[in-house]
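Below you'll find the structure, written out as structure tokens, and then a few comments.
Reckoned from all heavy atoms, side chains included, excluding hydrogens, waters and symmetry mates.
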Amino acid sequence: MRCLETMKVTEILRLRDMELNLRDIASAVGCSKTTVGEILTRCKNCGLTYEEAVKLSSKRINELIYPDSFGRKQSKDEPDWESIYTRLTSSRRINLLYIWEQEYRNDNPDGYSYSYFCAKFNEWKDSTGKKVVLPQEREPGKELFIDWIGDTLPCVTDYDTGVVHEAHFFVTTLGDSSYPFVEAFPDETQINWNQAHIDAFEWYGGLPKILKPDNCKTAVIHTNLYDPEINHSYRDLARHYQLAIIPTRVRKPRDKATVESGVGWLETWLLEWLKGKIYYSFTALNHDIKDRLLELVERPFQHRPGSRISNFLELDKPALRPLPKDQYEYYETLQIKSVPNNYHVQCDTFYYSVPYSLYKKTVTIHAYAKKIEIFDDKGDRVAIHVRRFSGRKYVTDEQHMPTNHRAVREFNKYDGAHYRYRASNIGQYVLRFVDTLLKSVEFEEQAYKSCMAVVNFSKQYGNIKVDNACKKALSLNSVNYTTLKNILKNNQDKKPVNVDQSDADTPTPNHENLRIGEWE
């Protein structure tokens, strides 16, 4: 700043003692309000009062107020602290050590050491008010502060493939209570950003007046101090809920101090608690997150009475506006020109079924954050699925399958326990027959088709006839599908046969296909 005449400095001190405000003083002495404030600050720092100023010479007053210009000259040239401060705040990649080492010491090899350089810089910040903080008093229920937690956590495992997915954590804090909401997502895309807001409003049970997001692309397309361009999709959500979006200033963390503090608190008490845990879906992960949050908000504040939940219920909750009747739903649209012959359409890396009759026809996908809806060319919804982010790539509704495909799918779901259970419902000898079939092969899956044929014979011949036929086959020590089929077809089950627990040891009878003595 330019140096004022000592007469004006003295007049500023006199008018201040008369308790005039800065604007009136500035008008009286003919300078700006900022200059008046700077002069008063300098006088305060050096302890200069009006009573003392009238006794001092102009030279001494200048030495006290403008030590850099009129005081004792420095033995070393002072760096341009203002430009250094500007560089530090304009880029995250620049730090004070880099400036000292790569710029200051190159031009001033005999200049300040790094420790003294830092001390002088901090002294300059103190003297210019760069470190002072404006107190922020939050109005209950007015502002919702929004951010992503910087740290991700590899805690969601694909049950089928074993692939581990990173969880990204969306976090908000509300109004005066800093009451938090957290939800995990597989990524930080627009659709998840919007859905997280919808879920947060439901969590709080009401609406604030203002959203205060960070300057991420899902919130702000182009950052600008005076007129930032809001993301169009985000703006539509705000219009639906009648909210104002006021992004925080770039690189001004104090604008969202509550959420920054909340993020640090949650990184300790939530993310550390989640470390080492394994989940097989984001649904399960978010269920545990909400349970954990309900515990954490009960913890008392350290520097104020009550807790987050008590202050939320007392201050913020009553100030929230009610939720609208209809929930906002954001989705992305994808048109499939021709349904492939496997009647599954792709969205991201997963495939969702549609009725097989739509083969070669056009369908439209509405991809929400948590569900997939599919419409035919007439606009009728033909399918709805839970959106998949892990697990099997194909998501199939059995009602969409043709009959023969459904039968194959049904068959593939059965195991040995299933066939033993069905056989036991037909008869004791059918159970023994099926059990023998399953034990006769190295891998029991090899016998599943034969077991299905055995239990299905009851539909054609009845339970009693099949049970007797199995009894006959067991007596012949010929437990296989062909023998049972022939017994049933030729009604050989009617011939009485005595079978007991030692039937399995009965030697095979001689017949024309038996090579007697070959293995002796």
Side-chain angles (χ1 to χ4, degrees), residues 131-150 169-184 193-216 219-220 228 230 234 237-271 273 286 289-324 327-328:
K131 286 187 175 182
V132 298
V133 178
L134 176 67
Q136 301 290 332
E137 193 163 345
R138 305 297 177 190
E139 182 179 331
K142 181 180 179 180
E143 297 171 309
L144 184 68
F145 297 88
I146 305 151
D147 206 351
W148 291 97
I149 293 180
F169 298 91
F170 174 90
V171 59
T172 66
T173 57
L174 180 66
D176 184 66
S177 65
S178 296
Y179 189 69
F181 167 78
V182 182
E183 187 169 9
W193 172 262
N194 284 16
Q195 185 62 46
H197 282 71
I198 296 167
D199 295 340
F201 300 150
E202 294 292 331
W203 171 262
Y204 292 119
L207 298 172
K209 296 178 182 178
I210 297 173
L211 300 178
K212 299 278 288 186
D214 204 354
N215 284 268
C216 54
V220 181
I230 304 300
Y234 194 34
L237 179 143
R239 285 176 177 172
H240 178 84
Y241 288 105
Q242 295 298 302
L243 299 165
I245 300 175
I246 305 178
T248 58
R249 294 174 295 170
V250 180
R251 290 182 291 276
K252 296 291 182 180
R254 291 195 181 99
D255 284 3
K256 50 185 176 67
T258 60
V259 75
E260 293 283 350
S261 174
V263 165
W265 179 70
L266 290 166
E267 283 177 341
T268 300
W269 295 101
L270 177 62
L271 266 61
W273 180 79
N286 284 318
I289 287 174
K290 288 177 174 57
D291 286 346
R292 178 63 172 169
L293 280 182
L294 292 175
E295 295 178 12
L296 292 176
V297 295
E298 296 280 357
R299 298 174 65 89
F301 285 120
Q302 292 185 348
H303 303 295
R304 60 183 290 191
S307 62
R308 286 172 173 81
I309 182 64
S310 65
N311 279 262
F312 168 71
L313 295 175
E314 180 182 352
L315 302 173
D316 287 322
K317 180 71 172 177
L320 294 176
R321 296 180 295 119
L323 291 166
Q327 189 183 83
Y328 179 79

Pick from Val220, Leu211, Leu237: which one makes a side chain to side chain contact (heavy atoms under 4.5 Å, CB included) with Ile245?
Leu211

About how many Å separate [atom2] of [Y] and [atom1] of [X], when rounded to the nearest 0.5 Å?
{"X": "Arg292", "Y": "Trp269", "atom1": "CZ", "atom2": "CH2", "result": "7.5 Å"}
{"X": "Lys317", "Y": "Ser177", "atom1": "NZ", "atom2": "OG", "result": "11.0 Å"}
{"X": "Leu293", "Y": "Leu266", "atom1": "CG", "atom2": "CG", "result": "6.5 Å"}
{"X": "Asp176", "Y": "Phe312", "atom1": "CG", "atom2": "CZ", "result": "12.5 Å"}
{"X": "Lys209", "Y": "Leu243", "atom1": "NZ", "atom2": "CG", "result": "11.5 Å"}
{"X": "Glu267", "Y": "Ile149", "atom1": "CD", "atom2": "CD1", "result": "6.0 Å"}

Please tell me if the side chains of [X] and [Y] come closer than 4.5 Å, counting only heavy atoms from C-beta onward.
{"X": "Ile198", "Y": "Gln327", "answer": "yes"}
{"X": "Leu174", "Y": "Phe181", "answer": "no"}
{"X": "Leu144", "Y": "Tyr204", "answer": "yes"}

Check side chain to side chain contact (heavy atoms under 4.5 Å, CB included) between [X] and all other residues, then give those that pass, not counting sequence neighbours.
{"X": "Phe301", "result": "Arg304, Arg308, Asn311"}
{"X": "Arg239", "result": "Arg235, Asp236"}
{"X": "Ile210", "result": "Lys142, Glu143, Lys212, Ala244, Ile246"}
{"X": "Glu298", "result": "Ile309"}

Using a 3.5 Å distance criterion without hydrogens, assess whether the side chain of Trp203 forms a donor-acceptor pair with backbone atoms of Pro180.
yes

For Asp214 and Ile146, run side-chain contact (heavy atoms from CB on, under 4.5 Å): C-alpha distance rounded to whole Å, both residues' side-chain angles, the deciding distance at 0.1 Å, then the answer.
CA-CA 7 Å; Asp214 204 354; Ile146 305 151; over 6 Å; no

If you look at every heavy atom in [X] and [Y], which pair is closest and at what distance?
{"X": "Tyr234", "Y": "Ala219", "answer": "CD2-CA, 3.6 Å"}
{"X": "Pro140", "Y": "Leu315", "answer": "CB-O, 3.4 Å"}
{"X": "Ser307", "Y": "Pro300", "answer": "CB-CA, 4.1 Å"}

Side chain to side chain donor-acceptor pair (under 3.5 Å) partners of Tyr179, counting only residues at least two apart:
none

Please identify each residue that fulfils ring-ring contact (aromatic ring centres under 6.0 Å, His included) with Phe201, with sequence neighbours left out.
Tyr241

Parallel, tilted or perpendicular: rings of His240 and Tyr328 (30°, 60°)
tilted

Go through Trp265 and Ser178 one step at a time and tell me if the side-chain contact (heavy atoms from CB on, under 4.5 Å) criterion holds.
CA-CA 11 Å; Trp265 179 70; Ser178 296; over 6 Å; no

Step-by-step side-chain contact (heavy atoms from CB on, under 4.5 Å) determination, Phe169 to Ile289
CA-CA 10 Å; Phe169 298 91; Ile289 287 174; 3.8 Å; yes

